[in-house]
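FYI, side chains are in, hydrogens and waters are out, and symmetry mates aren't considered; it's all heavy atoms of this structure.
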Amino acid sequence: MTPPFVFMDLRTADIETSRDFYTRMFDWTVNELSAGGATVPLFGDADQPWGGFTTLTADDRRTPQWVPYAPVDNLNDALSRAIDLGATLIRPRTDLPAGSVAVIEDPGGATIALWQAAATGATT
């Protein structure tokens with residue numbers, strides 16, 4: 001079976017404290033990578049990042065959490081299906097060089113990101 005998740009995002013109000021904890025707890029590597037003119041910390045190496053950090057904003061009602069990214073073939077179709085099944089849209093579609101992502105909350109309250117990778121040959 002193919003793993004159900006392609007990326008993990010750690011949503012936290014304190015990236016430095018979280019980074020320190022996970023690097024010391026598990027010896028996970030965090031690299032600073034360029035993305036859209038900014039530098040972002042990502043778990044893994046430059047060739048194979050598997051997770052990253054998102055700053056939890058003060059107006060976000062959710063608690064700090066890990067958010068898994070589930071791959072989908074067509075993000076718009078997956079969003080429509082999720083909403084039909086009772087999900088709530090948390091973050092609308094965002095198109096990035098590596099692909100497109102949207103975040104939903106399932107009917108039970110858990111958060112998951114839906115990820116459509118860019119067409120083959122796209123750069124990150």
Side-chain angles (χ1 to χ4, degrees):
M1 178 178 146
T2 301
F5 304 119
V6 294
F7 194 78
M8 296 293 293
D9 192 29
L10 175 56
R11 295 174 40 81
T12 177
D14 188 342
I15 289 176
E16 287 308 313
T17 297
S18 294
R19 178 183 181 149
D20 182 60
F21 173 80
Y22 287 103
T23 57
R24 292 175 59 201
M25 177 73 189
F26 299 111
D27 289 327
W28 290 348
T29 300
V30 175
N31 287 294
E32 302 293 330
L33 300 175
S34 295
T39 302
V40 295
L42 294 174
F43 290 105
D45 61 37
D47 294 327
Q48 192 68 33
W50 60 263
F53 298 87
T54 297
T55 302
L56 188 64
T57 59
D59 63 340
D60 194 324
R61 63 176 173 74
R62 293 173 292 159
T63 59
Q65 62 185 292
W66 283 93
V67 177
Y69 282 48
V72 298
D73 292 328
N74 183 302
L75 183 56
N76 292 334
D77 289 349
L79 278 172
S80 292
R81 180 170 166 77
I83 290 168
D84 287 347
L85 293 170
T88 303
L89 181 63
I90 300 298
R91 290 225 181 253
R93 179 185 181 122
T94 301
D95 296 316
L96 306 165
S100 300
V101 63
V103 180
I104 61 169
E105 188 174 89
D106 74 21
T111 302
I112 188 167
L114 304 176
W115 172 257
Q116 178 184 332
T120 304
T123 58
T124 56

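By the 4.5 Å heavy-atom criterion applied to side chains, P64 and R11 are not counted as neighbours. Inter-residue side-chain proximity for I104 and L114 is flagged as met; some heavy-atom pair is nearer than 4.5 Å. Counting heavy atoms from C-beta on, the side chains of D14 and F21 never come closer than 4.5 Å.
With values rounded to the nearest 0.5 angstrom, L85 atom CG is found 10.5 Å from D106 atom CG. Rounding to the nearest 0.5 Å places CZ of R19 at 12.0 Å from CG of L10. For the atom pair CE of M8 and CD of Q65, the computed distance is 10.0 Å after rounding to the nearest 0.5 Å.
Other residues, nucleotides and ligands place more than 12 heavy atoms under 6.0 Å from the CG atom of D84.
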- prompt: Does the side-chain contact (heavy atoms from CB on, under 4.5 Å) test come out yes or no for L79 and L89, once each step is laid out?
  reply: CA-CA 8 Å; L79 278 172; L89 181 63; 3.9 Å; yes
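Applying the ring pair (Phe, Tyr, Trp, His ring centres under 6.0 Å) test to pairs two or more places apart or on separate chains, those with a residue in residues 54-96 are F7-Y69, Y22-W66, F43-W66.
Contact detail for W115 and L96: the closest heavy-atom pair is CZ3-CD1, 4.3 Å. Residue T23 comes nearest to V30 through the heavy atom pair CG2-CG2, 3.6 Å, listed as atom of the first residue, atom of the second, then distance. Between A118 and P97, the closest heavy-atom pair is CB-O, 3.5 Å. Across every non-hydrogen atom of P71 and P4, the tightest pair is CD-O, 3.2 Å. Residues Q116 and L75 come closest through the heavy atom pair OE1-N, 2.6 Å. Contact detail for P68 and I112: the closest heavy-atom pair is O-CG1, 3.5 Å.
One hydrophobic cluster, built from ILVMFWY side chains closer than 4.5 Å, cannot hold both V72 and I90; they sit in different ones.
Remark: D95 engages R93 in a salt bridge, criterion side-chain N to carboxylate O under 4.0 Å.
Partner of F53 under the side-chain contact (heavy atoms from CB on, under 4.5 Å) criterion, out of L42, V40, I15: I15 alone.
Between the D60 side chain and the R62 main chain, a donor and an acceptor come within less than 3.5 Å of each other.
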